[in-house]
Amino acid sequence: MDARRIAGRGQGSLPWQTCVATMLGAERVSIREQRWTSMDESVREILARERAGGEVIVRGWLRTVRHSKQVSFLEVTDGSCFDGLQVVCSEACEGFEEVVRQLSTGCAVEARGELVDSPGKGQRFEVDGTRVVLVGGVGDDYPLQKKRHSFEFLRTIAHLRPRTNTIGAVLRVRDVASMAIHEFFHEHGFVQLHAPIITLSDAEGAGEMFRVSTLEPGHDPRDENGNPSFADDFFGAPTYLSVSGQLEAEIGALALSRVYTFGPTFRAENSNTSRHLAEFWMVEPEVAFCDLQGLADLAEDFLKSVFAKVLERCADDLAFFDKRIDDTVLSSMAHVIEAPFERIDYSEAVKILEASGRDFEFPVHWGVDLQSEHERYLTEEHFQKPLIVTDYPKGIKAFYMYSNDDQKTVGAMDVLVPRIGEIIGGSQREHREDVLTARLAEQELEPERYWWYLDLRRHGSVPHAGFGLGFERLIQFMTGMGNIRDVVPFPRVPGNAEF
RNA sequence: UCCCCGGUAGCUCAGCUGGUAGAGCAGGCGGCUGUUAACCGCCGGGUCGUAGGUUCAAGUCCUACCCGGGGAGCCA
C-alpha cells in the first residue's frame, strides 16, 4: 500500500489538486492543498449511523441557511438521500466570520465537526461544526430559493433542478426502480439483451420515427431514374432511431428463452401531453414457451416486486411525494403490492362500460379501442385497482399478435393502473408462419421487409410472449408526479431538447 | 395536430367594468432568536411574451404569431 492510501480513510486514487475557493465577495482565496476523493462517507451513511460521536466530514450544497446572532445553521445535502445534515456553527468554528456568516442557499461547502445528538426537533443528528470551507459560492441570482417553485420554471433550469427536493427524490427513485427491474429479471433467469438503437424499419408501426442520416441537409437522394435512393447514406438504406426493441427481443427469446431489453426508445410524434416524451426508456421482456396468461402472471409479479423494492429502499423520498405531491402515492403502492390484479377480457370490459351508465365522450361498443376515459373508469372507479385487460379485437391491434381461436380477437393485454392508465402493453406473439403471413397481407404490409421475422417462424418456432413497460410512466405512478417531463432528468419533447 | 386556459419584478402571484403597476418570497443593509420554507425593519428591482390595431388614453379590448400549462388523439 502506498503512502497516499495510508494518508486517510476514504482517500482513493485521484490525483492531488489545489483547491481554490471563491468567496462570496469575489475575493479569491487559496484555502489549502486538498485531496478530493470519490468515496467519502455520504450524508445517507452518516444519518444511518447507530449513534452519535466522532468527527465527520460533510461535502455538499446548502439547501438552506439560518443565521442567528451567535449561531448559524447550515443544511447540507449531497443528494445521497432526501434529508440533509444540519451543521451548527458558532464562533468556535474555524471560518465562522469569513465563511459561515457569508453563506447562502446553493453554496457548495465542506464542513467538519463532531456528530452529536441534535437537541432540536426535526433531525436526529447534527454536526457541531469545527471548520467550514467554501468550495463553490453562488451568484446573487441563484435561481433556487427555499420556497416552492413551479415545475414549469424548474424545467427551464434543468441544470440546477436536480438540487431540489422533488427532482432529487425523483432521480433517486428512478435509480432504485431501474436496479429493481434488473434484479427482478436476473432473479428469474432473464438475460439482458442490448437491442439496437438504429434500426431499418418501423416494424411495429408505432408512429413517426427520427431519421438517422449522414447525408448533408438539403441533399435529396435520387437514383438515375429519379426515385428516392439512400445508396450514399451511411447504411445504404434509410435508417431510424428505434421505436421498440421487441422484434429483436423475440430473436433473443427464441435462443435464450427469457430475455429483456431496457434502453432508450424514440418517437417523433408531435405529442404534447403529460404522458409522452420523444425519448424515453422502455423495458421489454420476451419469454419463449409462454402464452398470454403466463405473460399476465409475469407482468403482475414484476410490478409487485419492483414496487416492493422501491417502497422499501426509498421510504423517505416516497413519504415526501405522499406528503407534498399526491397523498395517494403510498396507499397506491401498497395496493399494487398486496392486491391481486383484476383480470378481464376486452369483451367483459366493454360490457362493464356499457352498463356503467356513464356518458363517455367516445361511445363504447365491441370493436372499438378503449379510450383513456374508458381505461380510467375501469381502473379508478369500477375496480379501483390495477387491472389487466386481455384479448382485444384483432382489427385494432398489431399484425404480430397471436390470433385466437375465435377468429375475432388476438392475445393482447394491457395493464391499467389508476392515475396513469396504460402502463404496460403486451401480447402473445403469432408464432405460426402461415397465420402470420396472412396477417401481414390483411394489413397490407410487405412480407419482404419482415423476412427475418418470418424466417424465425420457419425454424424452431415456439409460442412466446412479451410486453413493453414505459419506464417513465412507472416512475410517474410511483412518485405521483403529474408531468412525465419531471420524472426524466433531461426531457425531450417537440420544440425542446435543451440541456 | 385539435380544444381550452395562461404569459405582469429573479420566483409565486394580485391588478374590478380601459385612466401609464402592487404584495409575498428572493437579493442588499441592519436587528433579533438553538434555528427548521425562522422572524422584524429599511432599500434596490418591471420597455406588463412579440408585432400590429382600436382609443384622448391599453397590463386591461381586437388580430396574428411565439412560449407555457391542462385535456384529447397517437401511444409507453
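Keep in mind that this is a model prediction, so the values were computed, not measured. In what follows, chains carry the letters A, B, and so on, assigned in the order in which the sequence lines appear, proteins first and then strands, with residues in each chain numbered from 1.
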Could you measure between the two [atom1] atoms, the one in [N] and the one in [M], and give it in whole Å?
N	M	atom1	answer
B:U36	B:G49	C1'	38 Å
B:C32	B:A37	P	24 Å
B:C65	B:C4	P	14 Å
B:C62	B:C75	P	38 Å

Salt bridge present between [X] and [Y] (N-O < 4.0 angstrom):
X	Y	result
A:E442	A:R439	yes
A:K304	A:E300	yes
A:E97	A:R101	no
A:E110	A:R131	no

Mind checking [X] for me? I need base, sugar-phosphate or nothing, with any heavy atom below 4.0 Å counting as a touch.
X	value
A:N270	base
A:S274	sugar-phosphate
A:Q371	sugar-phosphate
A:H149	sugar-phosphate
A:S72	nothing
A:P143	nothing
A:Q123	base

Check whether A:F151 forms a cation-pi arrangement with A:R148 (NZ or CZ under 6.0 Å from the six-membered ring centre, at most 45° off the ring normal). yes

Counting only Watson-Crick pairs (N1-N3 plus N6-O4 or O6-N4) and G-U wobbles (N1-O2, O6-N3), all under 3.5 Å, who is the partner of [N]?
N	answer
B:C2	B:G71
B:G52	B:C62
B:C32	none
B:A21	none
B:G46	none
B:C16	none

Counting side-chain heavy atoms from C-beta on, which of [options] comes nearest to [X]?
X	options	value
A:N496	B:U35, B:G68, B:C75	B:G68
A:S372	B:U35, B:G73, B:G34	B:G73
A:N272	B:G68, B:U1, B:U33	B:U1
A:Q145	B:U33, B:C75, B:A26	B:A26
A:R66	B:U36, B:G73, B:G69	B:U36
A:R155	B:G73, B:G34, B:G68	B:G68
A:S271	B:C74, B:U33, B:G34	B:C74
A:F73	B:G27, B:G70, B:G34	B:G34
A:K146	B:A37, B:C74, B:G34	B:A37
A:T273	B:G68, B:A72, B:U33	B:A72

Distance check needed: [N] [atom2] versus [X] [atom1], whole Å only.
X	N	atom1	atom2	answer
A:F151	B:G70	CZ	C1'	15 Å
A:Q476	B:C75	CD	P	18 Å
A:F153	B:A26	CZ	C1'	11 Å
A:E498	B:G68	CD	P	11 Å
A:R124	B:G34	CZ	P	25 Å

Answer yes or no: side-chain N or O of A:E361 and base N or O of B:G71 forming a donor-acceptor pair under 3.5 Å. no

Do the rings of A:F266 and A:F210 sit parallel, tilted or perpendicular, given the 30° and 60° boundaries? perpendicular

Look at the rings of A:F320 and A:F82 and say which category their plane angle falls in: under 30° parallel, 30 to 60° tilted, over 60° perpendicular. tilted

Under 4.0 angstrom between [X] side-chain N/O and [N] OP1 or OP2:
X	N	answer
A:R275	B:G71	no
A:K121	B:U36	no
A:T64	B:A38	yes
A:S150	B:U12	yes

